[in-house]
There are 2 protein chains.
Amino acid sequence: MRINMRAPVQPTLLKTQITRNHLRFTRQRQEIFKVFVGMARHVTAEEIYREVLKKESRIGLSTIYRTLGLFCRFGLAEARQFGDGHTRYDPVYDKHHHDHLICTQCGEITEFENQHIERLQEQVARRHRFVIRRHKLELYGLCADCHDHGSGKRG
Amino acid sequence: MRINMRAPVQPTLLKTQITRNHLRFTRQRQEIFKVFVGMARHVTAEEIYREVLKKESRIGLSTIYRTLGLFCRFGLAEARQFGDGHTRYDPVYDKHHHDHLICTQCGEITEFENQHIERLQEQVARRHRFVIRRHKLELYGLCADCHDHGSGKRG
DNA sequence: TTATTATTGAAAACGATTTCTATTATCGTT
DNA sequence: AACGATAATAGAAATCGTTTTCAATAATAA
């Protein structure tokens, strides 16, 4: 039997959140959400914009930013910065946190999870009487391909 | 520009690095370095600028940015982004890597080190055939004060 | 000293994001 | 289905932190 580890985000989830907060379920919000969950992770506002433009030819980039901010406040998305000057957005499918391996040569971003590390983080926090709300662990370096062949995938 | 790396931060170090690289030991670079190493860690370019202005009343903000970039290339400073839109600079006193606890209420930044976590990171990387060059671990949440009193220090 | 050229300050440019405002569209009420 | 209050929009302009440009200046080598 096949099991989906990550439950897909229901289309109804956005509407639920929106009506619960007495906001308006606009065409743009629906379209942005649909595109957002259909795209790869770690996309930029620009990338989402270009994709949404195919369906909503009159949409403004500011609407993309506003709406992504809304998704973040709703807990449907998370914003991240990997230091290249672009904020990247991640749909939140479940409560599983994930960390990143970032290849500085080809740009590949691989996700990983490690409960052992998370536990040690909690230990550190406890020692400082600090309460962790969220965290960010990013390992920068060379992925297998770039390390082996030296050349990289992006030239 | 060729740059020779690696050495501990001493008062003479800036001059050593500068002459070694055939650059010019200007009044501004001396003053910025002096202020920089005398300030708290994780300072912004603006904060350094305001401090340097007290001694160098005609200095430009662009010189601060340029010079901080130089320090980073020399290995005398490191640039970090904690997601508040400001690049923060850290003098590099030794080769000890440190991670951060960042209070989202009062902004306090506490440093920590944990060799156990570092070893687990290496383990994860090995599993992905990834070679780590550098890493970033940031725990966001509430510091002891903000957690206890609720109000925070800046609020 | 003088020539060479790296460095500077001020202003303009920059790219991501936010704000502004007139217009449009949603939704509770008829 | 239409009405009306007002939230949300598009598009432009503004803003923010940072970088670049460029003519003038100043540090070094000759």
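Atom set for the values below is all heavy atoms of this structure, side chains included, hydrogens, waters and symmetry mates excluded. In what follows, every chain begins at residue 1, and chains take the letters A, B, ... in the order their sequences are listed. As the structure is a computational prediction, the values presented were derived from the model and not from experiment.
Under the rule for a side-chain hydrogen bond (donor to acceptor under 3.5 Å, both in side chains), the partners of B:Arg88 that lie at least two apart in sequence or sit in another chain are B:Asp84. Partners of B:Glu31 under the salt bridge (charged side-chain N to carboxylate O under 4.0 Å, His left out) rule, at least two apart in sequence or in another chain, are B:Lys34. Every residue meeting the side-chain hydrogen bond (donor to acceptor under 3.5 Å, both in side chains) condition with B:Arg129, not counting sequence neighbours, appears here in chain and number order: A:Asp148. Every residue meeting the side chain to side chain contact (heavy atoms under 4.5 Å, CB included) condition with B:Thr26, not counting sequence neighbours, appears here in chain and number order: B:Arg24, B:Gln28, B:Arg29.
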Distance-only donor-acceptor pairs under 3.5 Å for side chains of residues 120-128 of chain B, two or more places apart:
from     : atom 1 : to       : atom 2 : distance (Å)
B:Gln121 : OE1    : B:His135 : ND1    : 3.3
B:Gln121 : OE1    : B:His135 : NE2    : 3.4
B:Gln123 : OE1    : B:Arg127 : NH2    : 3.2

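Interface residues of residues 38-53 of chain B facing DNA chain D, ordered by number: none; criterion, heavy-atom separation under 4.0 Å. Listed in residue order, the members of residues 59-66 of chain B having a heavy atom less than 4.0 Å from DNA chain C are B:Ile59, B:Gly60, B:Ser62, B:Thr63, B:Arg66.
No donor-acceptor pair under 3.5 Å is formed between the side chain of A:Thr63 and the backbone N or O of A:Ile59.
The overall bend of the helix from C:dT1-D:dA30 to C:dT30-D:dA1, read as the angle between its terminal helix axes built from five base pairs each, is 30° when rounded to 10 degrees.
Residue pairs meeting the salt bridge (Lys or Arg N to Asp or Glu O under 4.0 Å) criterion with at least one partner in residues 134-144 of chain A, sequence neighbours excluded, are A:Lys136-B:Glu138, A:Glu138-B:Lys136. Sorted by first and then second residue, the ring-ring contact (aromatic ring centres under 6.0 Å, His included) pairs with a member in residues 41-60 of chain A read A:His42-A:Phe82, A:His42-A:His100; sequence neighbours excluded. Residue pairs satisfying the side chain to side chain donor-acceptor pair (under 3.5 Å) criterion with at least one member in residues 51-60 of chain A, sequence neighbours excluded, are listed as follows: A:Arg27-A:Glu56, A:Glu51-A:Lys54.
Distances were taken from every side-chain heavy atom of B:Arg29 (C-beta onward) to each of D:dT18, C:dT7, C:dA16; the shortest belongs to C:dT7.
Considering only side-chain N and O atoms, A:Arg58 lies nowhere under 4.0 angstrom from the phosphate OP1 or OP2 of D:dT9.
No engagement by A:His22 is indicated, since no non-hydrogen atom pair under 4.0 Å with the nucleic acid exists. Heavy atoms of A:Gly85 sit under 4.0 angstrom from primed sugar atoms or phosphate atoms, though from no base atom.
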- Task: Apply side-chain hydrogen bond (donor to acceptor under 3.5 Å, both in side chains) to the pair A:His147 and A:Asp145, showing each step before the final yes or no.
- Result: CA-CA 5 Å; A:His147 180 236; A:Asp145 282 358; over 6 Å; no
- Message: Generate the contact string for nucleotides 25-30 of chain C. Rules: B means base contact, S means sugar-phosphate contact only, - means no protein heavy atom under 4.0 Å.
- Response: BBS---
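In this structure, A:Cys72 and A:Ala79 approach most closely via the heavy-atom pair SG-N, 4.0 Å.
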